[in-house]
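Working notes for the structure below.
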Protein chains: 2
Amino acid sequence: MDERTAAKPDQAVIGSPRRSPSQQRSRERVERMLAAASALIAEQGSDAMRMGEVAERAGVSIGSLYQFFPDKRAIVWALAERYTAESQACISAALTDVRDAEGLKQAFSELVDIYYQLFLAEPVIRDVWSGTQADKALRELELADSRANAEFLVAVLKRLRPDTDPLELETTAFLVWQMGEAAVRLAISVDREEGDRLVEAYKRMALRELVGA
Amino acid sequence: MDERTAAKPDQAVIGSPRRSPSQQRSRERVERMLAAASALIAEQGSDAMRMGEVAERAGVSIGSLYQFFPDKRAIVWALAERYTAESQACISAALTDVRDAEGLKQAFSELVDIYYQLFLAEPVIRDVWSGTQADKALRELELADSRANAEFLVAVLKRLRPDTDPLELETTAFLVWQMGEAAVRLAISVDREEGDRLVEAYKRMALRELVGA
DNA sequence: TCAAAATGTGAGTAATCCTCACATTTGCAA
DNA sequence: TTGCAAATGTGAGGATTACTCACATTTTGA
């Protein structure tokens with residue numbers, strides 16, 4: 001929730017270039033650094049991870065750490081990049097040979113399950129991608145807000161579809177709402193034209209789910 | 001991306017209780033503090049916001065700031081809470097008198113537009129809720145990853161629905177993918193049972209959109 | 001009127017990130 | 001082998017910044 005010193009006011013430049021390990025020895029050390037960081041993130045979260053602790057656990061000096069990683073975020077980024085590479089391979093394998101609708105259903109369902117299990121089981125992944133990181137209290141507020149808003153939707157749905165299971169309506173409304181927030185956040189992250197398309201697509205999708213049509 | 005000192009290892013306790021302004025004078029000062037924080041967040045983002053700067057702009061001492069806000073995050077939280085309160089009122093008004101499917105379509109569509117416009121226009125809201133805040137570089141990585149994964153889906157969809165506009169397929173796939181990530185993140189934030197329901201609901205919703213059924 | 005409560009202040013404390021000047025090791029051409 | 005440049009290793013210290021605290025001032029209410 002704030003960057004430390006030294007970081008000049010230049011802002012997130014992804015990660016200024018640092019030496020990349022060319023010798024066997026340094027490659028092993030970098031692996032140890034990443035392993036140490038991973039363990040610490042699993043234990044306490046990336047926010048609480050201290051650079052000094054990473055260095056100590058990896059058995060290297062703080063200076064060595066900064067020899068290969070420009071800053072703290074770069075370490076988290078490196079871990080995240082590995083996970084994305086792995087998961088892309090997995091996704092590619094699952095989807096490339098899909099030929100019909102039934103196959104897509106199968107493959108998609110499995111992929112979602114895998115993703116879900118991964119998030120449940122891997123604290124590091126959870127930490128790194130938890131809404132692309134976040135403030136605990138803010139996340140709570142957001143969830144509570146989303147739930148409250150979903151309630152208004154549930155009230156409407158109960159009137160429109162009195163024969164549907166209320167629990168299902170609840171789930172649907174909550175999900176639709178949360179996805180709306182995700183859709184809007186996505187939309188503002190891309191150029192305006194694509195953003196507009198995404199928001200429209202979300203509306204169609206959500207309404208199809210809500211009123212079925 | 002890291003908490004400063006003093007914060008003992010107790011972890012996010014939402015915001016330890018601080019004095020709440022009871023006199024007119026202090027209420028006005030607290031308003032000034034929030035306004036200053038809001039302006040600074042709009043200018044540089046909440047990460048770059050410095051407590052000293054907030055105090056200076058509000059025309060109060062650093063000590064006064066901490067008299068009413070337990071820590072830096074509490075200020076952002078207070079701003080976020082206001083926005084959620086406002087938006088809830090708006091949502092409630094829009095949805096309470098919906099009586100039929102057509103009315104829901106209208107109201108929902110309008111709400112989404114309002115939300116979208118709000119995010120586009122208000123830097124503070126964008127900052128506070130940008131995935132519940134985040135690391136720029138990580139967000140980039142996530143988006144790139146999501147896009148790459150969506151491509152695999154697009155390839156499949158092009159085979160299954162060769163007559164649909166490719167741009168639409170692209171949009172759908174990207175959206176579906178991003179929502180899957182949102183759904184999983186949501187699922188792990190709630191208890192297991194509800195999480196499972198949400199993931200299943202997402203699958204149904206996504207597949208209905210992808211293969212239409 | 002005046003004491004207690006509320007509020008205001010800002011220099012100082014405690015971390016923490018990151019740098020840098022200098023030491024050590026490795027790769028490799030002569 | 002030798003020697004030298006490049007790569008790598010080190011950790012004390014610089015630079016910031018969130019947050020505290022002992023004390024001053026103002027407001028409240030009996």
Side-chain angles (χ1 to χ4, degrees), chain A residues 1-13 15-33 36-37 40 44-77 135, chain B residues 1-13 15-33 36-37 40 44-77 135:
Chain A
M1 242 291 212
D2 70 325
E3 51 269 67
R4 182 50 62 296
T5 157
K8 296 143 204 159
D10 55 353
Q11 270 291 64
V13 200
S16 22
R18 276 294 144 104
R19 184 157 307 190
S20 125
S22 75
Q23 301 178 1
Q24 176 70 14
R25 173 180 52 140
S26 55
R27 247 172 286 141
E28 284 169 1
R29 299 179 110 237
V30 166
E31 280 311 308
R32 289 217 306 279
M33 297 174 201
L40 285 169
Q44 332 164 349
S46 57
D47 252 42
M49 178 185 85
R50 305 289 166 223
M51 295 302 270
E53 221 172 341
V54 173
E56 189 181 27
R57 270 223 207 180
V60 305
S61 71
I62 189 80
S64 286
L65 202 51
Y66 281 94
Q67 193 103 103
F68 301 100
F69 299 99
D71 55 32
K72 185 175 170 177
R73 296 176 320 171
I75 294 185
V76 178
W77 198 88
D135 183 285
Chain B
M1 245 286 215
D2 72 324
E3 51 269 66
R4 182 52 63 298
T5 160
K8 295 142 207 161
D10 53 354
Q11 271 288 66
V13 199
S16 23
R18 276 293 145 107
R19 185 155 306 188
S20 125
S22 74
Q23 301 178 0
Q24 176 69 15
R25 173 180 52 140
S26 54
R27 245 171 287 142
E28 285 169 1
R29 298 179 109 237
V30 167
E31 281 311 309
R32 288 217 306 280
M33 296 175 201
L40 285 169
Q44 332 163 348
S46 56
D47 252 41
M49 178 185 86
R50 304 290 166 223
M51 294 302 269
E53 220 172 343
V54 173
E56 189 182 29
R57 268 221 209 182
V60 304
S61 70
I62 188 82
S64 287
L65 202 51
Y66 281 94
Q67 193 103 106
F68 301 99
F69 299 99
D71 55 33
K72 185 174 169 178
R73 296 175 319 171
I75 295 185
V76 178
W77 198 89
D135 182 284

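Sequence lines set the chain letters: A, B, ... in the order given, protein chains first and strands last, and positions in each chain run from 1.
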Which atom pair, heavy atoms only, marks the closest approach of Tyr66(B) to Asp71(B)?
-> CE2-CA, 4.1 Å

Between P of dT7(C) and CD of Gln24(B), the distance in whole Å | 12 Å

What integer distance in Å separates Arg19(A):CZ from dC20(C):P?
-> 14 Å

Within this structure, what is the CZ-to-C1' distance between Arg27(B) and dA6(C), rounded to whole angstrom?
-> 12 Å

Stepwise, does the side chain to side chain contact (heavy atoms under 4.5 Å, CB included) test hold for Val54(A) with Lys72(A)?
-> CA-CA 10 Å; Val54(A) 173; Lys72(A) 185 175 170 177; over 6 Å; no

NA contact type, Gln23(A), heavy-atom cut-off 4.0 Å: base, sugar-phosphate, or nothing?
-> sugar-phosphate

Rounded to the nearest 0.5 Å, how far does CZ of Arg50(A) lie from CD of Gln44(A)?
-> 8.0 Å

Any Ser26(A) side-chain N or O less than 4.0 Å from OP1/OP2 of dT8(D) = yes

Atom CZ of Arg18(A) to atom P of dA6(D): distance rounded to whole Å?
-> 19 Å

Considering only side-chain heavy atoms of Lys72(B), which listed nucleotide, dC19(D), dT9(C), dC18(C), is closest?
-> dC19(D)

Please give, in whole Å, the distance from dA12(D) C1' to Ile62(A) CD1?
-> 12 Å

Could you check whether Phe68(A) gets within reach of a base, just the sugar-phosphate, or nothing at all, counting any heavy atom under 4.0 Å?
-> sugar-phosphate

Phosphate contact (dC19(D) OP1 or OP2) by Tyr66(B) side-chain N/O below 4.0 Å | yes

What's the closest nucleotide to the Gln67(A) side chain, out of dC19(D), dT7(C), dG9(D)?
-> dG9(D)

Please tell me which of Leu65(A) and Gly52(B) maps to the more 5' nucleotide of DNA chain D, matching each residue to the nucleotide holding its nearest heavy atom.
-> Leu65(A)

Distance check: side-chain N/O of Arg29(B) vs OP1/OP2 of dA6(C), anything under 4.0 Å?
-> no

Arg25(A) CZ to dA6(D) P, straight-line distance once rounded to whole Å = 17 Å

Taking all non-hydrogen atoms of both residues, which atom of Ser64(B) and which atom of Arg29(B) are closest, and how far apart?
-> OG-NH1, 3.2 Å

Contacts of Ser22(B) and Gly63(B) projected onto DNA chain C by closest heavy atom; the upstream (5') one is Ser22(B)

Starting from C1' on dA18(D), measure out to CZ on Arg50(B) and report it in whole angstrom.
-> 10 Å

Separation between OG (Ser26(A)) and CZ (Arg32(A)), nearest 0.5 Å, reads 11.0 Å

Take the protein atom CG of Asp47(A) and the nucleotide atom C1' of dT16(C), then report the distance between them rounded to whole Å.
-> 13 Å

